[in-house]
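Working notes for the structure below.
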Amino acid sequence: LPGAIVHEEWLRACETAREFVDVTPFLLQGTIEGGNGAWSYDATASRERALAGKCFAGRSFYLTKSVKPTHKEFDVIITSAGGTVVTSSTPPAGTLVVSCEEDRREFTKLAAKGLLVLRADHVLTCVMRQELQTEEGQLS
């Protein structure tokens, strides 16, 4: 089911059944919060947005050196959300830079070239919400 975010009990049910089981009874619903209120999203709305289309469709992303999760993991996350990861050290105009404080020197140079720089955790939140929001989550 595209856009399905399930409760961890689904994994236990699959393990017990020794096969994948229907996700429907395990779909997260309504507002989900985490990190002592550090983030929240509406799981139902996220699923509806995911069914309408991939949140990063047509967008390119450049990852700075120290972002976490790893580049390999971020590549999977971004491409599964419809985006592409640019590996050129000179990303083209319009590319969104995913970075962290450890890479301030690198992302400052890219921002000076007019590229928008987003925190890595914010990009993950965008995937969770199935909505690219570039107004928040910027590094400067």
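Taking all atoms of both residues into account, the shortest heavy-atom contact from Arg119 to Gln138 is NH1-N, 4.5 Å. In terms of heavy-atom proximity, Ala13 sits nearest to Phe26 at CB-CZ, 3.6 Å. In terms of heavy atoms, Phe107 sits closest to Cys100 at CE2-O, 3.4 Å. Listed here is the closest heavy atom pair of Leu28 and Ala43: O-CB, 3.5 Å. A pairwise comparison of heavy atoms in Gly94 and Leu115 identifies N-CD2, 3.9 Å as the closest pair.
Within a 6.0 Å radius of CD in Glu9, other residues, nucleotides and ligands contribute more than 12 heavy atoms.
By the 4.5 Å side-chain criterion applied to Ile, Leu, Val, Met, Phe, Trp and Tyr, Val76 is assigned to no cluster and stands alone. Side-chain contacts under 4.5 Å among hydrophobic residues (ILVMFWY), followed directly or transitively, place Phe61 together with Phe56, Leu63, Val67, Phe74, Ile77, Ile78, Val85, Leu96, Val98, Leu116, Leu118, Val123, Leu124, Val127, Leu132.
Between the side chain of His71 and the backbone N or O of Thr64, at least one donor-acceptor pair lies under 3.5 Å. No side-chain donor-acceptor contact under 3.5 Å links Ser60 to the backbone of Thr95. No side-chain donor-acceptor contact under 3.5 Å links Trp10 to the backbone of Leu27. Within the 3.5 Å criterion, the main-chain N or O of Gln133 finds a donor-acceptor partner in the side chain of His122. Distance alone, capped at 3.5 Å, places no donor-acceptor pair between the Thr44 side chain and the Gln29 backbone.
Applying the salt bridge (charged side-chain N to carboxylate O under 4.0 Å, His left out) test to every pair with at least one member in residues 88-113, sequence neighbours left out, gives these pairs: Glu101-Arg104.
The shortest side-chain heavy-atom distance between Cys55 and Glu131 does not fall under the 4.5 Å cut-off.
The OG1 atom of Thr87 sits 9.5 Å away from the CG atom of Asp75 when rounded to the nearest 0.5 Å.
Gln130 and Arg47 share no side-chain donor-acceptor pair at under 3.5 Å.
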